[in-house]
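Just so you know, ligand 1 is whichever comes first in the structure, and atom 1 is the first atom listed for that ligand.
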Amino acid sequence: MKSTLLCNFNGKAGTAMKSFIIGGAGFVGDYLIRYLQAEGQKVAVTKMPGETIDIPDADVYDLNILDKNGIVDLLEQVRPDYVYHLAAQSSVAVSWKNPQLTIDVNIKGSVNVLEAIRGLSHKPRTLLIGSGEEYGPIRPEETPVTEENAIRPGNIYAATKACQNMFGRIYAQAFGLEVMMVRAFNHIGPNQDSLFVVADFCRQTAEIEAGLKEPVIKVGNLSVARDFTDVRDVVRAYDLLIRKGETGETYNIGSGRAIVIEDILNMILSKSKTKIQVEKDPSRFRPVDVPTIEADTRKVYEVTGWVPKIPLEQTIQETLDYWRRKI
Ligand code: A2R
């Protein structure tokens, strides 16, 4: 009888590659699980107790990354080829309100993951997800910002992610772990929590259209510029980098183009037939805000050939339509 050989994404005949996603119940996790499955991988994923992941064929486990032994047990059980570390307290706003939690989860939790991997006999290639926020105030002459730029984190979340990045490099250099780091700039798309600006504006617009809210959209600082990428492009970059990235290296993931938040707001409002007023809401302003964040993405391109494919206009339309369905 002829046996069927599975082909992994590298084109190598054998069993399918196995990915382990830590913190997969969030916005990015959902897209990453589905993307890797579509690429023919087996996917195991962790979530916080109480969260749900309802994706067929994904092996789902409960894990709090503050429990180092729990990470070790799961890694020994799953024996993955790749580990994507997504688990985080991922909101800048929450990091100002709860620095201790942010520091525990994002620093201690990440070191727990690295330590757990260090103790394994079969060491998976690992991707740590950091943030463009790590760069902090980027000077005009430093834009678009490269991975070699000085980092001057301007908020608690950014500082924790910068720390995670340093630990990743140290574990790669000192212990030979195959760890790569990314600095992801703003990623957006359907299903994102409305704590984040594009989802927030789309949600408010959909609520106004449905008559659930007076026709006034509440906004924070509209003058800052950020680099937005569709989450589906982002997870494609993660998959390429975990296979092709160089150990100990950091890669920016972004569109390479900063857009002023006011332009994003106007793009959303132009898609609505309802007349909507804009009102500044002091509670939405951050204690410190970086004026422009824009990525230089040549490094990821050189190693993987990745460039984002989905236009901003399409992502915004799909995000608005998602909120219209949800409301
Ligand atoms: O905070 P929750 O309950 O929504 O759970 C989040 C989870 N998480 C944890 N997992 C294990 N142990 C913990 N102590 C812990 N604390 C939080 O990580 C959530 O399910 C997941 C992160 O998902 P999101 O907050 O939706 O982040 P997203 O947008 O998927 O970003 C993925 C990564 C994060 O490292 C971001 O900082 C970075 O990309 O931009």
(request) Check ligand 1 against Y157 and write out every atom of the ligand that is under 4.0 Å from a heavy-atom position of the residue. (result) 36 (C), 37 (O), 38 (C), 40 (O)
(message) Counting only heavy atoms, tell me which of M48, K108, E133, R183 gets closest to atom 15 (C) of ligand 1.
(response) M48
(request) Flag the pair E249 and K299 as a salt bridge only when some basic side-chain nitrogen lies within less than 4.0 angstrom of an acidic carboxylate oxygen. (result) yes
(message) Applying a heavy-atom cut-off of 4.0 Å, say which part of L63 lies close to ligand 1: side chain, backbone, both or neither.
(response) backbone
(message) Please classify the E51 to ligand 1 contact at 4.0 Å (heavy-atom distances, strictly less than): side chain, backbone, both or neither.
(response) side chain
(message) Is there a side-chain contact between I208 and E214 in this structure, where contact means two heavy atoms from C-beta onward sitting under 4.5 Å apart?
(response) no
(request) Go through the side-chain N and O atoms of T126 and H85 and say whether any donor and acceptor fall under 3.5 Å apart. (result) no
(request) Distance to 0.1 Å, residue and atom name: give those for the protein heavy atom nearest to atom 25 (O) of ligand 1. (result) S90 OG, 2.6 Å
(message) Give me the residue, atom name and distance of the protein heavy atom closest to atom 35 (O) of ligand 1.
(response) K161 NZ, 2.8 Å
(request) Output the list of atoms in ligand 1 that are nearer than 4.0 Å to some heavy atom of A87, sorted by atom number. (result) 9 (C), 10 (N), 11 (C), 18 (O)
(message) Looking at ligand 1, would Q192 count as a contact under a 4.0 Å heavy-atom criterion?
(response) no
(request) Could you tell me the residue and atom name of the protein heavy atom closest to atom 23 (O) of ligand 1, and the distance to it rounded to 0.1 Å? (result) G26 CA, 3.5 Å
(request) Decide whether Y157 and N106 meet the rule of one side-chain donor and one side-chain acceptor closer than 3.5 Å. (result) no
(message) Cation-pi check for Y135 against R183: NZ or CZ below 6.0 Å from the six-membered ring centre and within 45 degrees of the axis, yes or no?
(response) yes
(request) Could you tell me whether R125 sits above the aromatic face of Y82, with NZ or CZ closer than 6.0 angstrom to the six-membered ring centre and within 45 degrees of the axis? (result) no
(request) Please examine the side chains of P144 and F185, heavy atoms only from C-beta on, and report whether any two atoms are closer than 4.5 Å. (result) no
(message) Counting non-hydrogen protein atoms only, what is the nearest one to atom 17 (C) of ligand 1? Give residue, atom name and distance.
(response) A88 O, 3.3 Å
(request) Using a strict cut-off of 4.0 Å, indicate which atoms of ligand 1 neighbour a heavy atom of H187. (result) 40 (O)
(message) Quick check on contacts: which atoms of ligand 1 are under 4.0 angstrom from a heavy atom of F27?
(response) 26 (O), 29 (O), 30 (O)
(message) Quick check on Y301: does its OH atom have over 12 non-hydrogen neighbours (other residues, nucleotides or ligands) under 6.0 Å away?
(response) no
(message) Heavy-atom contact check, 4.0 Å cutoff: does H85 meet ligand 1?
(response) no
(message) What I want to check is whether the side chains of D73 and Q77 have a donor and an acceptor closer together than 3.5 Å.
(response) no
(message) Are the side chains of R118 and Y171 in contact, using a 4.5 Å heavy-atom criterion?
(response) yes
(request) Among all protein heavy atoms, pick out the one at the shortest distance from atom 12 (N) of ligand 1; state its residue, atom name and that distance to 0.1 Å. (result) I65 N, 2.9 Å
(request) Pick, from V28, L86, I129, the option with the minimum heavy-atom distance to atom 34 (C) of ligand 1. (result) L86
(request) Identify the protein heavy atom lying closest to atom 21 (C) of ligand 1, giving its residue, its atom name and the separation to 0.1 Å. (result) G23 O, 3.8 Å
(request) List every atom of ligand 1 that sits less than 4.0 Å from any heavy atom of N64, numbering the atoms from 1 in the order shown and giving each element. (result) 12 (N), 13 (C), 14 (N)
(message) I'd like to know whether ligand 1 has F196 as a neighbour, heavy-atom separation below 4.0 Å.
(response) no
(request) Answer yes or no for atom 1 (O) of ligand 1: protein heavy atom present at a distance under 4.0 Å? (result) no
(request) Examine the proximity of ligand 1 to A184 and report which part, side chain or backbone, both or neither, has a heavy atom under 4.0 Å away. (result) neither
(request) Tell me whether L320 is reachable from I327 by hopping between hydrophobic residues (I, L, V, M, F, W, Y) whose side-chain heavy atoms are closer than 4.5 Å. (result) no
(message) Out of all atoms in ligand 1, which are within 4.0 Å of some heavy atom of V105? Include the element for each.
(response) 14 (N), 15 (C), 16 (N)
(request) May I ask you to check whether over 12 heavy atoms, not counting those of R284, lie within 6.0 Å of atom CZ? (result) yes
(message) Ignoring hydrogens and geometry beyond distance, is a side-chain donor-acceptor pair present between Q37 and Q41 at under 3.5 Å?
(response) no
